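These notes concern the structure reproduced below.
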Amino acid sequence: MDYNHIEIEGKWKKFWAENKIYKVSNDTTKPKYYVLDMFPYPSGAGLHVGHPLGYIASDILSRYKKMSGYNVLHPMGYDAFGLPAEQYAITTGVHPASSTDENIKRYRAQLDNIGFSYDWDREVKTSDPSYYKWTQWIFSELYKHYYDLRADKACPITDLINEFCKTGNAKIQATNTLDITFSAEEWKSFNIAQKEEILMNYRLAYRKVGYVNWCEALGTVLANDEIKDGVSERGGYPVERKPMMQWFLRITSYAERLLNDMKSLDWSDALKTMQANWIGRSEGAQMFFDIEGHDLKLEIFTTRPDTIFGATYMVLAPEHDYVDIITTKAQKEDISQCIKLVNNRSERDRMAEVKDMTGAFTGAYAINPFNGDKIPIWIGDYVLKDYGTGAIMAVPSDDERDATFAKKYNLPFIDVVDKSSYPGASLHDKLGIIINSDFLNGMEVPAAIQYMFDQIDLKGYGQKRVNYKLRDANFSRQRYWGEPFPIKYDKEGIPHLLEKSELPLLLPELSNFKPTTDGKSPLAKATDWVNDGEFTRETDTMPGFAGSSWYFLRYMDSTNDDEFASQDAVNYWKEVDFYIGGAEHAVGHLMYSRFWHKFLYDKGLVPTPEPFKKLVNQGMIQGVIESIYLKKSDLVKEFYSEEIALSMENEDFALIPIHIDFVSQYGTPNSHLSLEGISEFIKWRPEFANASFFTSDGIIENGKIISGNSGVKLLTKSEVGKMSKRYFNVVNPDDVVEKYGADCFRMYEMFLGPIDQSKPWDINGIDGVSKFLRKFWNLSHNEGVLMISEDAPNKEELKVLHTTIKKVTEDIERFSMNTTISAFMVCVNDLRRLNCNKSEILKPLTLLLAPFAPFIAEEIWYQLGGEGSVHHAKFPTSNPTYLVEDTILYPICVNGKKRDEVEFSPDETQQNIEQAVLSLESIKKWLEGKPAKKVIIVKGRMINIVI
RNA sequence: GCCGAAGUGGUGGAAUUGGUAGACACGCUGGACUCAAAAUCCAGUGCUAGCGAUGGUGUGCGGGUUCGAGUCCCGCCUUCGGUACCA
């Protein structure tokens, strides 16, 4: 028969499922290899062609490793809690659990269509109670631990309590947010509430006030993503930052280890740099300033204590606790106005808009401990509450942001660093000589910094300290569709953990998913659930990253009901050997997962300190967003071709996203709706049936041309962006698979380019891969009939085969899948040229192709009489004896430009080569009779003549 | 703003360690087969001058290092990802 992908793929898909050929055992003598994909969020738009990019690459690697003798764990699951399902529930009333299940079913069918080798018996779903039982359990454990700096690991909070009873807290070295010391006697005298409050400052999961984006009009907390230009995306209502008591995870305890342990990881430098910058370690000084007229010390952190004589004002974050206390009556109005303004700005805007800062004077003064000078205390939006101590000393002469702020509010500058001997140095460089600074005058900056560390410590003004930009993770969400906290509060508001036996704490059933009017999670409405005798339950839920921070461990033993995974399973699979996922997770998800893993490592529950040994970020497959220009008007519905719309400078246009299927030449500058496209658009959007369409070639009304010719083009706006339901640009892999087959789809996605590069989806070019598969099939088939030769292969055929084996193996190892596809194409082209249909060549070639195109390979393997499934066979290895070259073709360059090429034997002497080359006519003419200045011969590479 | 990445023919891309720029494909042009079309096959295809031989030029822009730069260094531009509650 001719190559028929529908028949072949249907047949083997069934066979593989029935025979469970991808079942993975935890019990084997083979070496293990763990290949992991970042699991998807099952969105309502279904899987699009971007998702499988990484999945296909990792599937190829898994199959290759399996054929190379490893026991490979290659699982898949769903990150099933999330905001979109809840939004959908709010608008439609459909329970998130049922829409999520629907979506998962669809995802599963789509994944199955592509021929992945997942062991589906290990599937996990974060919203499944049997899974989130263990998410809740890990939270409980975090609650029950503190970070001990002497042991440099998490230790049970009961140990800490014991120490408190014995010696109080003075000698304890643990990460905490407590600013009092107490003796053992004092500790014993505290009541339960006081004790619990103190312990909260040590626990790895703890409560404190955090800020949320509150939208009064919508009566809900908004995600940053739901805010555009400072107002809610839905409705455009104002958003303010509102304080709320919330749970946090003390990830900062692990900052140093998260930073240092990266060194051993096989991750890209770019990714490591991003994580390191996110952690943001900096060495500086913690300093205390007296505040005039108050019995308060203002704590600041600075990396530049050497510039203290240039500190002309102090800045507190507007949320700083002291603001209310120190603000003078006269300044109250200014300060509250400023806070109001700042509350309407997102944190990101505050950091980004360095050109437009907002601040106000509190009326209070700090005292410079070194010279007793009064320094005015301001508040400013460019100082963030959670970074450092939420307060800085501002040195406008040596810091750009301080300078901008100082200029706006006319605050003085004092130059303290003379950079004149360092011409190229910018303000960021810690270079220069200190001036106007009393005892520091004349010192070089780095020396002055060190000197000040000593002075601050000596005089008791503070101490040297390491600060991190990394902040503790806000772990509370005022939402329904997430893990409930295993926490209940007693009448005094003291939190209590649920017992392990009470887990999982199930989400209560609800029919209305809107938040309560006071901004609490919808769970607060389930009063039967909330009230548990004397206790009331926590009504916030956990964020999206909770379930995804440990799912890779659950796959190892996904159905275990007694542990998150058995110790046997965890000790066998250890860590993920190869992890692939989107670059958009480069900091968030990876940081949280590493943190949780380290915590479990501290508890001796996992054998490695890091979860992901090697990591590759795949690029995004982007979509094309096509939209048309609608004139903003209540009276008429008029669309204008892009070139006309852009020329009408006085008119306002709305961009209406349109389905990409209607657009001709989509994704190009010439993208447009033809007459046919316009009528399809009208059919799709009947509300525009009577609209007018103005183009340069004619006008259309009611779907008919009223002037001009039928070749009209309504030019559209074409942008590259996310594939998303809202842009009507989602390309479903099912359609491609149906037309070309899964093998072709897999190979084409790989052929598109390097795995880590983003690019817009483009179907042009898939024919090349489709042709390749037919050519491969026809190597063993003639007019649909199997036609194979059992003759021994010749030297040339063996060379083609073994060159391909070498290239493909090397390229899989360095995860360069696009070049493997080219290598296959070259190989098949060569074998066709040689008219080779020999079994001894085609069988190894089929094995080689099996990880890439599993269906056609299985069929050909079967037809060639291969034993068992091709996917259980052994991957071929390259024999170097077939690859030896008799001669090397050298390019001959003159001044680096290629002018000729000559073949030499690999062991030809330098002199002979030089002589032969210089006597070539094609070279002589460049020399013009003069001798060459230099002849460079790079053995096996090239020859360059310098004239 | 800050952090990270990318930019090579008409298009996707290749060039793995500083050593022949454009492999492999798509598209396009011409040809074969066909009543015709599709499919398939063959040839050509960076731009530019030239009938040609051959030459010039060419990897986002501007400089630099080197016998030699897509690759290294300095300064820009554009696009994409992240920026702590999208996932």
Side-chain angles (χ1 to χ4, degrees), chain A residues 38 40-43 79 81-84 87 210 212-213 221-227 251 268-278 280 347-355 382 386 400-401 424 469-474 476-479 543-545 548 582-589 591-592 617 619-620 622 668 720-722 748 751-754 756-760 762-769 771-772 774 810-811 814 816 818-819 821-826 829 889-901 933-936 938 940-947:
Chain A
M38 285 184 190
Y41 173 78
S43 90
D79 185 14
F81 276 133
L83 204 47
Q87 291 297 0
V212 296
N213 301 310
V221 173
L222 295 180
N224 288 333
D225 210 45
E226 299 172 292
I227 304 169
I251 187 173
S268 71
D269 287 340
L271 187 52
K272 288 184 184 180
T273 307
M274 266 193 270
Q275 290 233 332
N277 289 335
W278 183 268
E347 209 166 73
R348 188 178 316 170
D349 287 344
R350 283 170 59 178
M351 284 189 288
E353 286 175 27
V354 289
K355 278 170 198 149
Y382 73 108
D386 293 321
E400 277 165 46
R401 287 178 313 165
K469 204 161 81 200
L470 180 71
R471 309 194 309 237
D472 282 345
N474 183 336
S476 290
R477 299 292 181 268
Q478 295 68 41
R479 313 234 179 241
F545 68 82
S548 61
E584 66 272 26
H585 301 288
V587 270
H589 159 63
M591 195 70 83
Y592 297 129
N617 281 129
M620 281 201 357
Q622 292 144 331
T668 67
V720 168
K722 277 189 180 170
Y748 181 58
F751 190 58
L752 276 177
D756 55 355
Q757 240 161 71
S758 293
K759 58 220 137 218
D762 179 5
I763 197 74
N764 290 326
I766 198 168
D767 278 345
V769 175
K771 270 185 217 166
F772 159 79
R774 263 172 287 155
E810 284 172 358
D811 285 0
R814 67 186 179 102
S816 170
N818 56 329
T819 50
I821 310 298
S822 303
F824 278 120
M825 288 174 170
V826 171
N829 288 346
L889 186 65
Y890 280 91
I892 318 295
C893 303
V894 177
N895 285 345
K897 269 241 171 278
K898 185 187 154 193
R899 299 296 177 188
D900 204 348
E901 45 187 28
K933 273 190 194 150
K934 205 169 172 186
V935 178
I936 292 155
V938 183
R941 278 284 185 187
M942 54 84 66
I943 296 159
N944 190 22
I945 295 147
V946 187
I947 57 169

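To find a chain, count down the sequence lines: A is the first, B the second, and so on, and within it residues start at 1. It should be emphasised that the depicted structure is a prediction, and the values quoted were computed from it without experimental measurement. Heavy atoms only: backbone and side chains are in, while hydrogens, waters and symmetry mates are out.
Distance check on atom C1': B:U78 versus B:C24 gives 29 Å, rounded to whole Å. Distance check on atom P: B:C72 versus B:G19 gives 11 Å, rounded to whole Å.
Counting to the nearest Å, the P atom of B:C86 and the CG atom of A:Leu222 are 11 Å from each other. We find that CG of A:Leu83 is positioned 16 Å from C1' of B:A84, with the value rounded to whole Å. Regarding A:Asn895, its CG atom lies at a distance of 10 Å from the P atom of B:A69, rounded to whole Å. The nearest whole Å value for the distance from the CD1 atom in A:Ile821 to the C1' atom in B:C24 is 11 Å. Remark: P of B:C67 and NZ of A:Lys933 are 11 Å apart, rounded to the nearest angstrom. Put simply, OH on A:Tyr592 is 12 Å from P on B:A87, counting in whole angstrom units.
To the nearest 0.5 Å, atoms CD1 (A:Ile251) and CG (A:Asn474) are separated by 12.5 Å.
Contact annotation: A:Lys771 side-chain N/O to B:C26 OP1/OP2 distance is under 4.0 Å. Not one side-chain nitrogen or oxygen of A:Asn617 sits closer than 4.0 Å to the OP1 or OP2 atom of B:G81. Side-chain N/O atoms of A:Arg899 include none lying less than 4.0 angstrom from OP1 or OP2 on B:U54.
Side-chain atoms of A:Ser548 and A:Asp79 form no donor-acceptor pair, as typed in the model, at a separation below 3.5 Å.
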All N/O contacts under 3.5 Å from nucleotides 13-23 of chain B to the protein, with atom names and distances to one decimal?
from	atom 1	to	atom 2	distance (Å)
B:G13	O5'	A:Leu752	O	3.3
B:G13	O3'	A:Asn818	ND2	3.3
B:A14	OP1	A:Asn818	ND2	2.6
B:A15	OP1	A:Arg814	NH2	3.4
B:U16	O4	A:Lys807	NZ	2.6
B:G19	N2	A:Asn944	ND2	3.4
B:U20	O2	A:Lys898	NZ	2.9
B:A23	N1	A:Ser822	OG	3.4

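Nearest nucleotide to the A:Glu584 side chain, out of B:C26, B:A87, B:C3: B:A87. Residue A:Asp79 places its side chain closer to B:A87 than to any other of B:A87, B:U83, B:A25. Here the side chain of A:Met620 is nearest to one of B:G81, B:U40, B:A87, namely B:G81.
Relative orientation of the A:Phe772 and A:Phe824 rings is tilted, given thresholds of 30° and 60° on the angle between their planes.
In this view, A:Asp756 and A:Pro754 satisfy the side-chain contact (heavy atoms from CB on, under 4.5 Å) rule, not counting sequence neighbours.
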